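The chains referred to below are lettered A, B, ... by the order of the sequence lines, with proteins before strands, and numbering in each begins at 1. The shown structure was predicted, so the numbers you read here are calculated from the model rather than taken from an experiment.
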Protein chains: 2
Amino acid sequence: MRQGIPDATVARLPVYLRALTTLAEDGTATVSSEELAAAAGVGSAKLRKDLSHLGSYGTRGVGYEVEYLVYQISRELGLTQDWRVVIVGVGNLGHALANYGGFVSRGFTVAALLDADDRIVGETVGGLVVRPVDDLEEVVAEQGVHIGVVATPAPAAQDVCDRLVAAGVTSVLNFAPVVLLVPDTVMVRKVDLSTELQILAFHEQRQVANRLSVDVPARVVALEPDGGTGRAGVSP
Amino acid sequence: MRQGIPDATVARLPVYLRALTTLAEDGTATVSSEELAAAAGVGSAKLRKDLSHLGSYGTRGVGYEVEYLVYQISRELGLTQDWRVVIVGVGNLGHALANYGGFVSRGFTVAALLDADDRIVGETVGGLVVRPVDDLEEVVAEQGVHIGVVATPAPAAQDVCDRLVAAGVTSVLNFAPVVLLVPDTVMVRKVDLSTELQILAFHEQRQVANRLSVDVPARVVALEPDGGTGRAGVSP
DNA sequence: TCAACTTTGTGCACCCGTTCACAAGTGCCT
DNA sequence: AGGCACTTGTGAACGGGTGCACAAAGTTGA
């Protein structure tokens, strides 16, 4: 049970945490796996298995005590300590990130905003003065930054990332549309808007195809002129 | 091979597509699975298996023709047609999305920007005039919108989502920190900044723990006062 | 105290995705 | 023409995650 929580579980813990926080604000004291699972959009069995990886919190016949579970998940995620974050790139997205309330709310502090553009440096965004990107190493060292957020244009991203890593940052959240190369001691997570849209487009397309196949089944065959090799068979 | 590309593969196709586009811009004509895999940050075997789901593009002994593969992946993702997107909520994040260049570049058109705040309605953002959220149904119907982007505050998200779905939208990209409930005919993808940060925090914490265990192995046991039941054993 | 009811925690079987390893196919050089 | 070097495409083994189903454990009410 201990010693190694599955990645898939870790990825869901923040979702549970948010659902629990909402419940706590509504004054709910205890919650069953069924209810919490519904609020988190997962199956109840999966939820129970996930929580069992943290330990045996929860009472049979009753459910889980909301406050207590919030604390346990927070602790497991490391939210009981404050993580210092530096945001590099204060364009449209950087602005949004710096102003994002829920960003700071729970265990995260924005240590500094950095940008390479002189016109932006010195501006105040989200209560912080934007500093030149040259201060990167200094900021990371002095403020003890652990997490770097890359919100720069694509061409600058790898360079900024390299500097973050060299300065001692071991986790990077990347919004730039490039694959960042890092040593395997560093963890990178990527958020890519156009990737998400493209995945939606794929499913949208399939859905349209399925709708056609329901209406006019014979058409489906005509839409797939090729057995799989692809290159041939396009001509009528 | 045909009839059903695995979800995991679909999620990686946009990454391959971007890497290929970059290669094409650099004038590269053909690429091996090894090279492309490196550029996309995956293993070469995985890449080959992914591409094999689309068909047998690629030449043994040579590699893949870049232009051709770009076309095939684009077609498979449905990017040969234009998808119309409506963005609801033009706050900090909505601004960023509306101005995001790569957003529009490839197969996606922003049909409209909507907001509930009178002070924002009428403003021009990214070349479009922000319209009142009351126009939602009208916009979706008239413009034939397929994809809705929810960038509203959390409390408004579910309501906006319901209206999008009722108006005929079948894919939703959700930036609000809530779990959207939709009929299972609708696909939702969620992008959540604080979730990503929390996942990073977890790994960061583990990494710190590992570093300690390397330096002072005995300490690890002391840091785990409890065999796993959790509730007991906290007192000194 | 006991029985009926509720809910957790988990063993087990199944499925999807990843990785390895190699046969089959292609181009190049002699 | 033939062999060599290279690369794709895929069968097969493996591993992790999911969902089912149920025993264990606790609560409520008589």
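- When rounded to the nearest whole Å, the span between OH of Tyr16(A) and C1' of dT8(C) equals 15 Å.
- Atom CG in Leu51(A) sits roughly 11 Å away from atom C1' in dG9(C) (whole-Å rounding).
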Interface polar pairs with nucleotides 28-30 of chain C, N/O, under 3.5 angstrom:
none

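- A ring-centre distance under 6.0 Å is found for Tyr57(A) and Tyr68(A).
- Once rounded to the nearest 0.5 Å, the distance linking CD1 of Ile5(A) with CZ of Phe202(B) reads 4.5 Å.
- Not a single donor-acceptor pair, N or O on each side, falls under 3.5 Å between the base of dT7(D) and the side chain of Arg60(B).
- Between Lys49(B) and Gly61(A), the residue anchored nearer the 5' end of DNA chain D, judged by the nucleotide with its closest heavy atom, is Lys49(B).
- Under a 3.5 Å cut-off, the side chain of Ser74(B) and the backbone N or O of Val70(B) do form a donor-acceptor pair.
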For residues 34-47 of chain B, which side-chain N or O atoms pair as donor and acceptor with protein atoms under 3.5 Å away, sequence neighbours left out?
from     : atom 1 : to       : atom 2 : distance (Å)
Glu35(B) : OE1    : Ser32(B) : N      : 2.9
Glu35(B) : OE1    : Ser32(B) : OG     : 3.3

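- Side-chain contact of Asn92(A) with Tyr100(B): a donor-acceptor pair under 3.5 Å is absent, judged by distance alone.
- Atoms CG (Leu69(A)) and P (dT8(C)) sit 11 Å apart, rounded to a whole Å.
- Nearest to the side-chain atoms of Thr59(B) among the listed nucleotides dG9(C), dC20(C), dT26(C) stands dT26(C).
- For Ala45(B), the listed nucleotide lying nearest its side chain is dC20(C); candidates were dT27(D), dT8(D), dC20(C).
- Atom CZ of Arg48(B) and atom P of dC22(C) are 14 Å apart (whole Å).
- Taking atom CD1 of residue Ile5(B) and atom P of nucleotide dT18(C), one finds them 14 Å apart after rounding to whole Å.
- Contacts with DNA chain C (heavy atom under 4.0 Å) in residues 33-44 of chain A: Ser33(A), listed by number.
- Atom CG of Asp50(B) is separated from atom OG of Ser52(B) by 7.5 Å, given to the nearest 0.5 angstrom.
- The side chain of Ser52(B) lies closest to dT10(D), out of dT10(D), dT8(D), dG17(D).
- The CD atom of Gln198(A) sits 12.0 Å away from the CD atom of Gln205(A) when rounded to the nearest 0.5 Å.
- Atom P of nucleotide dT10(C) and atom OH of Tyr57(A) are separated by 12 Å, given to the nearest angstrom.
- Between Tyr64(A) and the phosphate of dG9(C), there is a side-chain N or O to OP1/OP2 separation shorter than 4.0 Å.
- Per the geometry, CG belonging to Leu54(B) stands 13 Å off C1' belonging to dG9(D), to the nearest Å.
- In this structure, CG of Asp7(B) is placed 14 Å from C1' of dT18(D), rounded to the nearest angstrom.
- Judged purely by distance below 3.5 Å, without hydrogens or angles, the side chains of Glu65(A) and Thr30(A) never pair a donor atom with an acceptor atom.
- One distance of note links OG1 of Thr170(A) with CD1 of Ile147(A); it measures 8.0 Å at 0.5 Å rounding.
- For Lys46(B) and dG17(C), a side-chain-to-base donor-acceptor distance below 3.5 Å is absent, hydrogens and geometry of angles not being considered.
- With 3.5 Å as the limit, one finds a donor-acceptor pair spanning the side chains of Arg48(B) and Ser33(B).
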